[in-house]
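Notes for the one structure printed next.
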Amino acid sequence: MSFRKDRLSRPIYHWAKTVLPEMSATEAEAIEAGDVWWDAELFTGAPDWEAFLDIPPAELTEAEQAFIDGPVERLCAMLDDWKITWEDQDLPPEVWAFLKRERFFGMIIPKRYGGLEFSAYAHSEVVRKISTRSTSAAVTVMVPNSLGPGELLMQFGTDEQRDRWLPRLADGREIPAFGLTSPEAGSDAASMTDEGVICEGEYQGRKVLGMRLNWRKRYITLGPISTVLGLAFKLRDPDGLLGGEENLGITVALVPTDTPGVTIGRRHLPSMQAFINGPNEGHDVFLPLDAVLGGRERIGQGWMMLNAALAAGRGISLPSLSSAGAALAARTTGAYARVRQQFRIPIGEFEGVQERLARIAANAYLLDAARRFTCSGLALGHHPSVVSAIMKHGATERMRVAANDAMDVHAGKAVIDGPNNYLGNFYRAVPVGITVEGANILTRSLIVFGQGAIRAHPYILKEMQALAEQDVEKGLAQFDAVFWTHVVHTLRTARRAFTSAWTDGLFGEAPTGGPARRYYRRMGRYAAAFALASDMALLTMGGSLKRREMLSARFGDILSELYMMSAALKRWEDEGRQAEDLPLLDYVMQDGFLTIERRLKEILDNFPNRPAAWLLKVFVLPFGVIRTGPRDHTVRACARLILEPSATRDRLTEGVYIGDEAVGRLEQAFDLVVRTQPIHDRLRARRIRDWRTAAEQGLLTPEEMALLKDADDAVADVVAVDDFAPEDLARGARPRSVPHAAE
């Protein structure tokens, strides 16, 4: 007999059964669908920075780089986003043919099935590059490589299913779509009413055991042109034909769309984006049981499959799209703020504009850092579901901020639509990223911390499993072993949090010296504060914490900030600690520290157990919110990085497609303005504001006059906006080929 187990652990065990959150079957499947990675390190409160630095950066193979330099570059040159969006509402036939021929839809499919077998990082780089040219084209490429039957077939399909479908998906003979969202069930997929019933029926001339399916789906990307639908539905066996329970759970089947009873609907227009999207229905569609993805043994495992499939879109596709948007915003907004003048000075010289430029630049730095860092984890074989949720929410929200800031700086230039507006369509596409693959509101409120507290915490899941054990004595023994280890861990975390909070992390661990040392120490401080506050919340609120979504969201924000800032530090290290990039890193870290302290204060202010909140404040935030965010000199330095040509600007916006259209002409104007700046400076020293006056006075060489005229013409072309004849608008918005010059 163990005194500790029987006298101490037993009453705690029975008490914990009443307070710790119960795990539903769907929650258990969602948690089992992935694993943990750096998120688990952050949850310990003492991240291992040495192991962090040892994580190899994601890299491209020669074949992957060649694909980006070749087919991807050619694809971008083929795209006319204005024509795609406002005239055709589709990619042109030659682009569809090119995508299939070059196997863009088979990037993740193994070579033995005819695919390219690219890494997650290559997949991400391809999507990012295309996204800087056309959101519609990017979504068309990303969906078959993430949220589609291909991903599920490789993870869960039978050999026969892989042999049949993967070669045809790789070369574009089959176009996939994934049917998940129903009118009655959006983010709550478990409440879908789409149903399959086990029965006997006739299929291809023979009587077989199968399923009769009825469904209504919407928001299905590629649905209107798909030839095979990955369909999620609830499967029942009312007659016991499979010899088990009646309700078999959410199941996924592969449905050829030419099957009798399948109805392909018309198209949706998601925020006026031209990627193919629409509803579909099935009425008494009969399929044999071998249509179940993975075969009979995978019946009822659809929820787990859905979470696994969603992780790719959350962790790769949408962050790539977001990173592309922020990089495009940085490249174009910095250039435009340099060439556009008001009151005879570039608008980028106004500090109000510099605030927006700095935030755009910092978000571009942070988003690409997080994208690359996540790809590093995927390359190591991880499938971190919590990290995917962090990336989905954090990346798309920062994309929204970058889009808003870019629109504000461009003002009328980005408001007036036309082929010369390189931001308008990106701005319109932002809500798509915010809402798809798990709406951001629910991702923030329910998933990031809700799943993280169970999956990434070092002990909670083990304790919940012990409490769920049917054999009470066995469960008690398991609980006794893990609970006291948890107690010791919490005491150590409390000591670490207290010491670092009162010293502001002055004596915290840092793996390296240099200017980033202070960031590691403060990251350690806030990780300990987060871990201790999480334990206190779970201890005092138990299962009710699931229902306190605002508190859960604030905890999720802290975890997200810690992860994203870790990624920024990793980028800084991987790129060789570029001194010129330090203002960007400082902005990201100071902004993140401020956000964390604000969320901690909000948690303490709203903590239901007030004595616990007062005690916790002493340990994690004794002086209140002391961070102030990025200093003004940091803001100015970050803005300057995208107002001037530099290696930092090129690193920040690497992969942005330039071309020779609107963005290309902006780049040309930017280059000419920079080249002519010394001439203007020389004239201003003589108090001459107009170079034409200097030309009349013989103060300029012919070469200088020609260069200045070219610069003025290029700026006038860039500042100009499109206009349309009424008859052109009436027949479908066909624009004038040359916009009016600015007044």
Side-chain angles (χ1 to χ4, degrees), residues 39 41-47 355 358-359 362-363 366 370 390 393-394 397-398 401 444-445 448-449 452-453 493-510 516-537 548 550-569 584-610 612-635 638:
D39 48 328
E41 279 292 327
L42 295 171
F43 248 103
T44 66
E355 282 187 288
R359 187 161 60 183
N363 274 328
L366 178 62
I390 289 171
H393 173 263
E397 287 294 340
R398 284 174 169 85
V401 172
R444 175 176 179 258
S445 300
V448 174
F449 183 72
T493 302
R495 182 187 63 191
R496 189 181 302 111
F498 181 86
T499 302
S500 60
W502 283 83
T503 63
D504 197 20
L506 182 61
F507 304 107
E509 294 182 5
R517 188 178 183 87
R518 65 185 185 276
Y519 303 138
Y520 286 106
R521 287 173 166 171
R522 284 179 182 159
M523 286 278 287
R525 172 198 166 176
Y526 295 122
F530 167 74
L532 182 63
S534 298
D535 272 349
M536 185 69 79
R548 295 185 178 275
M550 287 186 281
L551 279 178
S552 180
R554 292 170 182 132
F555 276 113
D557 287 347
I558 297 173
L559 180 60
S560 295
E561 289 293 332
L562 289 170
Y563 179 80
M564 302 287 272
M565 288 192 292
S566 297
L569 280 170
L584 295 170
L585 180 64
D586 187 61
Y587 188 111
V588 166
M589 302 306 288
Q590 299 300 342
D591 186 63
F593 294 154
L594 175 59
T595 298
I596 289 173
E597 289 201 352
R598 284 174 172 171
R599 294 298 177 270
L600 281 173
K601 184 178 187 305
E602 290 164 4
I603 289 169
L604 294 172
D605 287 347
N606 293 279
F607 213 79
N609 187 316
R610 297 315 301 157
W614 299 330
L615 178 63
L616 191 58
K617 183 179 186 300
V618 174
F619 278 80
V620 302
L621 208 66
F623 307 111
V625 177
I626 61 173
R627 303 268 84 86
T628 58
R631 303 289 296 273
D632 288 354
H633 67 84
T634 300
V635 170
C638 288

Could you tell me which non-hydrogen atom of Met536 sits nearest to which non-hydrogen atom of Ala612, and how far apart they are? SD-CB, 4.0 Å

Determine, step by step, whether Arg522 and Gln590 satisfy the side chain to side chain contact (heavy atoms under 4.5 Å, CB included) criterion, reporting the C-alpha distance in whole Å, the side-chain angles of both residues, the deciding distance to 0.1 Å, and the verdict. CA-CA 10 Å; Arg522 284 179 182 159; Gln590 299 300 342; 4.2 Å; yes

Partner residues of Phe623 under the ring pair (Phe, Tyr, Trp, His ring centres under 6.0 Å) criterion, sequence neighbours left out: Trp502

Under a 4.0 Å N-O cut-off, is there an ion pair linking Glu509 with Arg496? no

Applying the side chain to side chain contact (heavy atoms under 4.5 Å, CB included) test to Asn606, which of Met550, Lys601, Arg554 qualifies? Arg554

Return the CG to CZ distance between Leu42 and Phe530, rounded to the nearest 0.5 Å. 8.0 Å

What heavy-atom pair brings Ser566 and Met523 nearest, and what distance separates the two atoms? OG-CE, 3.2 Å

Would you give the length of the straight line joining atom OH of Tyr520 to atom CE of Met589, rounded to the nearest 0.5 angstrom? 8.5 Å

Measure the CG-CZ distance between Leu532 and Phe498 for me, rounded to the nearest 0.5 Å. 11.5 Å

Atom pair OG/CD1 of Ser534 and Ile603 - distance to nearest 0.5 Å: 7.5 Å

With side chain to side chain contact (heavy atoms under 4.5 Å, CB included) as the test, would you mind laying out the steps for Trp614 and Leu604 before giving the verdict? CA-CA 8 Å; Trp614 299 330; Leu604 294 172; over 6 Å; no

If the plane angle is over 60° it's perpendicular, under 30° parallel, otherwise tilted; pick one for Tyr519 and Phe593. tilted

Supply the atom-to-atom distance Thr595 OG1 to Arg598 CZ, rounded to the nearest 0.5 angstrom. 6.5 Å

When you check the gap from the basic side-chain N to the acidic O, do Arg518 and Asp504 get nearer than 4.0 Å? no

CZ (Arg517) with more than 12 external heavy atoms under 6.0 Å: yes

Before you tell me yes or no, could you show the steps for Asn363 and Val588 under side chain to side chain contact (heavy atoms under 4.5 Å, CB included), namely the whole-Å CA-CA distance, both residues' side-chain angles and the distance that decides it to 0.1 Å? CA-CA 8 Å; Asn363 274 328; Val588 166; over 6 Å; no

Specify the closest pair of heavy atoms between Gly556 and Phe449, including all atoms of both residues, with the distance to one decimal. N-CB, 3.7 Å

Carefully, step by step, assess Asp557 and Val448 under the rule side chain to side chain contact (heavy atoms under 4.5 Å, CB included). CA-CA 8 Å; Asp557 287 347; Val448 174; over 6 Å; no

Write down the atom of Leu562, the atom of Ala527, and the distance for their closest heavy-atom approach. CD1-CA, 4.0 Å

Between the main-chain N or O of Ile390 and the side-chain N or O of Ser560, is there a donor-acceptor pair closer than 3.5 Å? no

Leu569 and Leu585 have their tightest heavy-atom pair at N-CD1, 4.1 Å

For residues 615-622, run the donor-acceptor check on the side chains, cut-off 3.5 Å, and write out each pair with its distance to 0.1 Å, sequence neighbours left out.
{"residue": "Lys617", "atom": "NZ", "partner": "Leu621", "partner atom": "O", "Å": "3.4"}
{"residue": "Lys617", "atom": "NZ", "partner": "Pro622", "partner atom": "O", "Å": "3.3"}

Return the minimal non-hydrogen interatomic distance between Arg525 and Ala501, and the atom names on each side. NE-CA, 3.7 Å

Test item: Leu559 and Tyr563 side chains (from C-beta on) under 4.5 Å apart, heavy atoms: no

Within the side chain of Thr634, is there an N or O that forms a donor-acceptor pair under 3.5 Å with the backbone of Pro630? no

Check the side chains of Glu561 and Tyr526 for a donor-acceptor pair under 3.5 angstrom, ignoring hydrogens and angles. no

With distance as the sole test, does Arg521 use its side chain to make a donor-acceptor pair with the main-chain N or O of Leu506 at under 3.5 Å? yes

